[in-house]
Amino acid sequence: MPIFKISDFLPTNPAACSRRGWSEIDIVLVSGDAYVDHPAFGVAVIGRWLEAHGFRVAILAQPDYRKGSEGFKIFGRPRLFFGITAGNLDSIVANYSGNGKIRDDDPFSPAGDPYFPGAKGRTNRRRPDRATLLYANLARAAFPGVPLILGGLEASLRRFIHYDYRQEKLRTSILADAKADLLVYGMGERAILESARRLAVGQDLAGIAGTCEVLRPSQIQDREVNAKVMRLPGWTEMVADRGNFLYAELLIDQVARRSGPAREVLVQEQKSGWLWQNPAAESLIPAELDRVYELPYTRRPHPDAGQVPAWTMIKDSLTIVRGCSGNCSFCALTRHQGARVVSRSQASIVREAEKLARQADFSGIISDLGGPTANLYGTSCRRAEPCPQIDCLYPRPCSNLAIDERAFLKLLDRVERIGSVKKVLISSGLRLALLRRTPKLLRRLIARHLPGVMKIAPEHNDPELLRLMHKNDGLELEDFLLECRGQAIALGVAVEFSPYLIASHPGSTVAKMERLARSLVNCGLRARQFQDFTPTPGTISTAMYFSGLDRDTRRPLHVPFGSSERRRQRQELEKVSGRQQKPGKSGAKVRHKS
């Protein structure tokens with residue numbers, strides 16, 4: 001294994017800053033994750049991005065909040081701002097299953113141990129509940145007046161009024177709760193860099209694309225004069241009628257999936273003040289995305305972090321695509337990464353693969369060329385003008401969706417030709433509907449690139465439930481399996497499938513889960529991966545869960561609230577899984593999110 005010097009990482013303590021000759025830090029990034037200097041970890045991406053633009057950045061990873069604000073003073077007063085994130089996971093999702101069980105591991109912490117040394121309890125977790133709020137309060141107490149900028153997945157998905165499944169109630173925007181200066185939503189490279197540049201020259205943070213602000217009523221009135229504004233239902237309306245929460249989420253979703261100049265400012269009244277969401281920052285173009293992934297990461301956990309399980313899982317993988325045009329109801333990828341798919345250039349991916357292959361401990365196997373959905377790589381839109389509603393895969397692949405099968409095949413060829421690469425695997429999820437339209441790619445995957453199984457995500461096979469999920473892959477499952485097995489026989493290889501399934505989604509019943517289980521048996525499948533639906537912030541499914549209403553008709557909908565029914569639905573899948581799954585163990589998955 002190569003030996004990396006401490007100086008190869010971003011500084012994590014005052015001594016490392018001194019070795020660089022720094023007497024002052026520009027930006028302190030606070031994270032609920034252990035510091036892993038790898039492009040699959042958001043704080044590393046933002047830290048390296050700011051560093052590449054000339055800013056002095058330090059990392060405060062998993063600060064010991066039990067000591068109050070003292071731990072936030074170790075670098076001195078930041079010249080520009082504290083950037084605060086709960087890490088790659090929402091802290092409540094990281095700490096609790098969808099059924100409220102406390103998780104006994106955290107793949108983003110040293111050795112997977114979610115606790116600081118000592119007693120194992122809620123107040124001793126390395127990633128505290130609502131980490132963004134706690135970190136913001138402690139940073140403010142340490143250095144009053146230093147700007148606080150929130151970012152990462154937790155802040156992004158809790159930027160509007162949202163449902164908190166741990167507390168089983170609505171909460172106002174995390175920005176309003178934290179009383180921070182700014183919230184960066186989505187993939188934040190453009191917004192955080194603009195924020196840093198403005199603060200460096202003494203300018204304010206108003207109106208930055210890809211950010212949210214909290215304003216007074218008088219400020220809202222002044223700003224609305226020169227902006228295209230959409231007012232969302234606010235706190236009072238939602239308390240009076242839960243249906244207004246679903247309505248607001250649908251409006252947020254519509255705006256998130258628009259491209260071009262048609263995007264509105266979204267405004268939402270909170271308990272105190274108004275949330276003002278500026279239009280989203282433009283997606284990075286491929287050349288910019290290449291640059292992000294080719295920054296000088298060590299691709300290692302910081303020595304102080306030891307072994308971090310999430311890194312072990314993805315250390316030999318490469319992200320090739322960002323964004324998702326699928327827009328499933330239960331998934332927040334569109335809201336966080338954006339609906340526009342951006343693919344890296346093949347040259348950049350090959351350079352990163354070559355760098356990976358030169359590492360002394362490289363096994364010869366690239367574990368994944370992927371992203372949110374691997375076979376979205378190379379897709380684009382044939383429309384000359386911006387799409388008013390990016391929704392490329394539902395109810396079927398859009399006629400304007402251009403699928404470049406040859407690009408993915410050529411990429412596989414180029415990476416396979418790298419001298420020390422013995423095998424290239426595709427371990428990310430794959431969209432069935434797209435694979436059926438790329439038969440050469442499907443054949444190639446079956447022949448050479450599967451890690452023992454093909455990961456597919458039908459989620460369910462009930463047409464009505466799939467409509468609520470805004471996903472129709474499950475309707476093609478039987479035909480897809482027939483095609484794959486025929487290909488495997490022709491190639492003389494064995495192929496197995498790992499279907500990802502969801503129990504207890506709004507609209508689901510025990511009878512529907514029984515039918516799904518029978519269908520899996522008839523298809524020769526096991527329920528290898530499944531979980532109870534978790535009502536996480538920022539999804540239409542969560543809005544249906546809270547409101548009890550159908551996303552399309554706004555009529556009452558059956559929602560499996562009680563633990564008894566949720567357990568019965570899960571048990572139908574356990575019967576055809578070959579194992580008995582413990583409640584709470586089918587939780588958050590490591591994905592390519594920054």
Side-chain angles (χ1 to χ4, degrees), residues 250 253-254 256-259 321 323-335 337-343 371-408 428-443 445 454-487 497 499-502 505-508 512 515-516 519 523 525 539-541 544 550-553:
L250 289 168
D253 173 71
Q254 288 173 17
R257 289 189 286 114
R258 289 178 188 161
S259 62
V321 65
C324 184
S325 53
N327 198 40
C328 303
S329 299
F330 51 80
C331 182
L333 271 170
T334 297
R335 191 167 296 185
Q337 287 205 8
R340 182 188 169 201
V341 172
V342 182
S343 300
T373 299
N375 60 328
L376 281 174
Y377 180 79
T379 58
S380 61
C381 184
R382 295 188 178 94
R383 292 172 59 103
E385 68 281 2
C387 182
Q389 200 71 43
I390 302 173
D391 196 4
C392 303
L393 302 177
Y394 184 88
R396 62 191 61 84
C398 176
S399 59
N400 288 313
L401 180 65
I403 306 170
D404 193 345
E405 182 179 27
R406 290 180 298 176
F408 207 151
S428 289
L430 298 160
R431 288 297 295 246
L432 278 62
L434 291 183
L435 277 178
R436 293 194 68 204
R437 289 154 178 81
T438 53
K440 292 179 181 177
L441 176 60
L442 177 58
R443 182 180 179 88
L445 294 177
M454 178 183 286
K455 293 182 180 179
I456 54 177
E459 319 298 349
H460 212 284
N461 66 348
D462 179 82
E464 184 64 8
L465 193 50
L466 287 169
R467 177 187 64 78
L468 293 169
M469 293 180 173
H470 204 71
K471 183 172 183 181
N472 266 358
D473 273 26
L475 298 181
E476 300 196 31
L477 180 60
E478 292 187 20
D479 290 337
F480 174 78
L481 293 174
L482 187 63
E483 288 182 29
C484 287
R485 286 165 175 157
Q487 292 268 25
F497 302 91
Y500 184 71
L501 306 160
I502 297 178
H505 186 277
S508 181
K512 288 181 179 180
R515 289 195 293 272
L516 174 62
S519 175
C523 290
L525 295 176
T539 73
I540 301 299
S541 292
M544 289 191 286
D550 185 304
R551 60 167 290 161
D552 298 322
T553 67

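Quick caveat: nothing in here was measured; it's all calculated off a predicted structure. We number each residue from 1, following the sequence as shown.
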How about CD on E478, more than 12 heavy atoms from neighbouring residues, nucleotides or ligands closer than 6.0 Å, or not? no
Do side-chain atoms of D404 reach the backbone of G378 as a donor and acceptor pair under 3.5 angstrom? no
Compare all side-chain heavy atoms of R396 with those of N472 and state whether any distance is below 4.5 angstrom. no
Determine, step by step, whether D253 and R335 satisfy the side chain to side chain contact (heavy atoms under 4.5 Å, CB included) criterion, reporting the C-alpha distance in whole Å, the side-chain angles of both residues, the deciding distance to 0.1 Å, and the verdict. CA-CA 7 Å; D253 173 71; R335 191 167 296 185; 4.2 Å; yes
Any donor-acceptor pair under 3.5 Å linking the side chain of R382 with the backbone of S399? yes
Non-hydrogen side-chain atoms of D550 and R467 separated by less than 4.5 Å: yes
With side chain to side chain contact (heavy atoms under 4.5 Å, CB included) as the criterion, how do K455 and Y500 come out once you've worked through the C-alpha distance, each side chain's angles and the decisive distance to 0.1 Å? CA-CA 7 Å; K455 293 182 180 179; Y500 184 71; over 6 Å; no
L250 side chain near I540 side chain, heavy-atom distance below 4.5 Å: yes
Can you give me the closest heavy-atom contact between L481 and C523, atom names plus distance? CD1-CB, 3.7 Å
Heavy-atom side-chain proximity of L376 to C324 below 4.5 angstrom: yes
To the nearest 0.5 angstrom, please state how far the CG atom of L401 sits from the OG atom of S380. 7.5 Å
Test of understanding: with side-chain hydrogen bond (donor to acceptor under 3.5 Å, both in side chains), list the residues that count as partners of H505, not counting sequence neighbours. S541
With side chains defined as the heavy atoms from C-beta onward, is the minimum distance between T373 and V341 less than 4.5 Å? no
Q389 CD to C398 SG distance, which is reported to the nearest 0.5 Å: 12.0 Å
L393 and G326: which non-hydrogen atoms are nearest, and at how many Å? CD1-CA, 3.9 Å
Nearest-0.5 Å distance, CG of residue N400 to SG of residue C392: 9.0 Å
Smallest separation among heavy atoms of E476 and A433, with atom names: OE2-CB, 3.6 Å
Can you confirm whether C331 sits close enough to T539 that some side-chain heavy atom of one is under 4.5 Å from a side-chain heavy atom of the other? no
Would you check if the side chain of E405 reaches a backbone N or O of L441 as a donor-acceptor pair within less than 3.5 Å? yes
Please confirm whether the backbone N or O of L442 pairs with a side-chain atom of Q487, one donor and one acceptor, at under 3.5 Å? no
How far apart are the C-alpha atoms of I390 and T334, what are their side-chain angles, what is the distance that settles it, and do they pass the side chain to side chain contact (heavy atoms under 4.5 Å, CB included) test? CA-CA 10 Å; I390 302 173; T334 297; over 6 Å; no
Give, for atom OG of S519 and atom CG of D462, the distance between the pair rounded to the nearest 0.5 Å. 10.5 Å
Is any NZ, NE, NH1 or NH2 atom of the basic residue among K471 and E459 found under 4.0 Å from an Asp or Glu carboxylate oxygen of the other? yes
Can you give me the closest heavy-atom contact between G323 and P372, atom names plus distance? O-CG, 3.8 Å
List the residues meeting ring pair (Phe, Tyr, Trp, His ring centres under 6.0 Å) with F408, not counting sequence neighbours, and say none if there are none. Y377
Atom of P388, atom of R383 and distance for their closest heavy-atom approach: CD-NH2, 3.4 Å
Any chance you could measure I502, atom CD1, to S329, atom OG, to the nearest 0.5 Å? 10.0 Å
Any side-chain heavy-atom pair of L516 and L465 under 4.5 Å: no
Would you please name every residue forming a ring pair (Phe, Tyr, Trp, His ring centres under 6.0 Å) with F497, sequence neighbours left out? none
Looking at N375 and R431, would you say the former's side chain and the latter's main chain have a donor-acceptor pair under 3.5 Å? yes
N461 to G474 - nearest heavy-atom pair and separation: CB-O, 4.2 Å
Interatomic distance, CG@L466 vs CG@L477, rounded to 0.5 Å, equals 10.0 Å
Within the 4.5 Å heavy-atom criterion, are L435 and F480 side-chain neighbours or not? yes
